[in-house]
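Worksheet for the structure shown next.
Because only heavy atoms are used, hydrogens play no part in the values below, and waters and symmetry mates are left out as well, while side chains stay in. Convention: sequence-line order gives letters A, B, ...; per-chain numbering from 1.
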Number of protein chains: 2
Amino acid sequence: MRADAERNRGRILDAAEEVFAQRGAAASTEEVARLAGVAIGTVFRHFPTKEDLLAAILKRLLARLAEDAAGLGGADGLHTFFTRLVQQAAARRMVVDLVGVSVPAAVGRLGDAVGELLRQAQEAGTVRGDVGRPEVMALLVSVCQGALQGGWDEGLQARTLAVVFAGLAAR
Amino acid sequence: MRADAERNRGRILDAAEEVFAQRGAAASTEEVARLAGVAIGTVFRHFPTKEDLLAAILKRLLARLAEDAAGLGGADGLHTFFTRLVQQAAARRMVVDLVGVSVPAAVGRLGDAVGELLRQAQEAGTVRGDVGRPEVMALLVSVCQGALQGGWDEGLQARTLAVVFAGLAAR
DNA sequence: AACCATAATGAGTCTCGACTCATATTTCTA
DNA sequence: TAGAAATATGAGTCGAGACTCATTATGGTT
């Protein structure tokens, strides 16, 4: 791959992440091109379809989250990851709109990472033994979506998470 | 208002509810007109803007929910309402997309109804006294959104709600 | 029944955004 | 450094969907 092609590909991905995070997936490809400093044709050369572009940034995002999760663990790892993710979601409109774009492998890897955090938390006795990975993922998605919508302030977010954690807690 | 006008207004609202519930808010006004059996110009005569149409059905929907909630009460009222709402949400794509359309008065009335259910549940000792209406509403919105996304099956939905209820439960 | 205000009709306008492609430019290789 | 081959450019095409409006139809009234 030519040097300029690789450089542009990176710029486009960065620009797309920025634009879609702020304006949602409905933002135009035109705008991504403008921010990246390339012509619109270049965007379509690298990503033949808008959906391809969305899938690419979603994959990157999920990989980053999985990596983040891998750096945590112990009794509070799940708690920390959960809170961090919800905070990020509130700042990024993206998640809502990425519904429909799927990157199975990347989602699977994130699921594995969360499963591991859950296992450790259960081993440490922080979390009930009778909840599974699917419920935890479902709650994670739900609360992120909720946070995106309501424009929760910090206090409400904390209190809402507290209820969820109480539900997950052992005893 | 002329008789045919009123009849058509009703048909349009019904058709819009059906179409947007199935296809999401991105469905075209054209399709609503077709299902209602009127010309597209008629839809725009009654609702000058697509957003007006969305707001109208959202208002009707929220009013119906508030009424539903008013018929419940006691120790399990909140539990029942919560479950029912999540089940409905799973069948309707609408909710996701209605983000952005706001009908403050109708939302307020639903909030009051939920607040009353919460009060009764707390009085009956079913729910912790230290959670407030905002958290409950936040959880309600979150879980509905989550259910819409993941294509939860019945079991996962039940287990996820169980965690939330455990978090809300007294003791 | 005749009248007209109100409403319905639907082809047409307009905007927007995804995607294309002929042309110009840049990188790399020999 | 000349010559491809790869890449970038951006005006243009295309389709979709929100919204308009001149015309036609209908309901209610005298």
Side-chain angles (χ1 to χ4, degrees), chain A residues 1-60 93-94 96-103, chain B residues 1-60 93-94 96-103:
Chain A
M1 197 198 251
R2 247 169 59 176
D4 56 346
E6 188 155 354
R7 181 174 7 102
N8 281 335
R9 191 189 165 85
R11 282 184 187 165
I12 290 166
L13 279 174
D14 291 342
E17 192 164 336
E18 168 84 16
V19 168
F20 291 135
Q22 291 194 342
R23 303 231 197 294
S28 71
T29 312
E30 179 76 38
E31 196 170 350
V32 171
R34 200 178 317 130
L35 183 61
V38 303
I40 190 164
T42 303
V43 176
F44 281 98
R45 162 172 268 271
H46 286 278
F47 306 95
T49 280
K50 186 180 179 180
E51 183 155 344
D52 291 333
L53 179 55
L54 286 170
I57 63 176
L58 179 56
K59 187 174 162 189
R60 229 172 55 156
R93 311 212 73 272
M94 205 182 337
V96 167
D97 302 316
L98 287 180
V99 180
V101 179
S102 88
V103 188
Chain B
M1 197 197 253
R2 247 169 59 176
D4 55 346
E6 187 155 356
R7 180 171 11 100
N8 282 334
R9 191 188 164 84
R11 282 185 187 165
I12 290 166
L13 279 174
D14 290 342
E17 191 164 337
E18 168 83 15
V19 168
F20 291 135
Q22 290 193 343
R23 302 229 197 298
S28 70
T29 312
E30 179 78 38
E31 196 168 351
V32 172
R34 200 178 316 130
L35 183 61
V38 301
I40 191 166
T42 304
V43 176
F44 281 99
R45 161 172 268 271
H46 287 278
F47 306 96
T49 280
K50 186 180 179 180
E51 184 156 343
D52 291 333
L53 179 55
L54 286 170
I57 62 177
L58 179 57
K59 187 174 163 189
R60 229 172 56 155
R93 310 213 73 270
M94 206 182 337
V96 166
D97 302 317
L98 287 181
V99 180
V101 178
S102 88
V103 188

Base, sugar-phosphate or nothing for B:A27? Non-hydrogen atoms, less than 4.0 Å. sugar-phosphate
Does A:T42 reach a base, just sugar-phosphate, or nothing at all? Heavy atoms under 4.0 Å. base
Atom-pair distance ([atom1] on [X]; [atom2] on [N]), nearest Å:
| X | N | atom1 | atom2 | answer |
| --- | --- | --- | --- | --- |
| A:R2 | D:dT9 | CZ | P | 11 Å |
| A:M1 | D:dA8 | CE | C1' | 14 Å |
| B:F44 | C:dA11 | CZ | P | 16 Å |
| B:E51 | D:dG17 | CD | C1' | 16 Å |
| A:L53 | C:dA18 | CG | C1' | 12 Å |
| B:I40 | C:dT9 | CD1 | P | 12 Å |
| A:D4 | D:dA6 | CG | P | 13 Å |
| A:R7 | D:dA8 | CZ | C1' | 11 Å |

Derivation of the side chain to side chain contact (heavy atoms under 4.5 Å, CB included) call for A:H46 and A:T42: CA-CA 6 Å; A:H46 286 278; A:T42 303; 3.9 Å; yes
Distance-only, no hydrogens or angles: does the B:T49 side chain make a donor-acceptor pair with backbone N or O of B:D52 under 3.5 Å? no
Short side-chain N/O contact to [N] OP1/OP2 from [X], under 4.0 Å:
| X | N | result |
| --- | --- | --- |
| A:H46 | D:dA8 | yes |
| A:N8 | D:dT7 | no |
| A:R45 | D:dT7 | yes |
| B:T29 | D:dG17 | no |

Between B:A56 and B:L13, which heavy-atom pair has the shortest distance, and what is it? CB-CD2, 3.9 Å
Between A:D14 and A:R60, does the salt bridge (Lys or Arg N to Asp or Glu O under 4.0 Å) criterion hold? Intermediate values first, please. CA-CA 10 Å; A:D14 291 342; A:R60 229 172 55 156; 3.0 Å; yes
Which nucleotide in C:dC19, D:dC19, D:dT7 has an atom nearest any side-chain atom of B:K50: D:dC19
Flag side-chain contact, heavy atom, 4.5 Å: A:F47 against A:T29: no
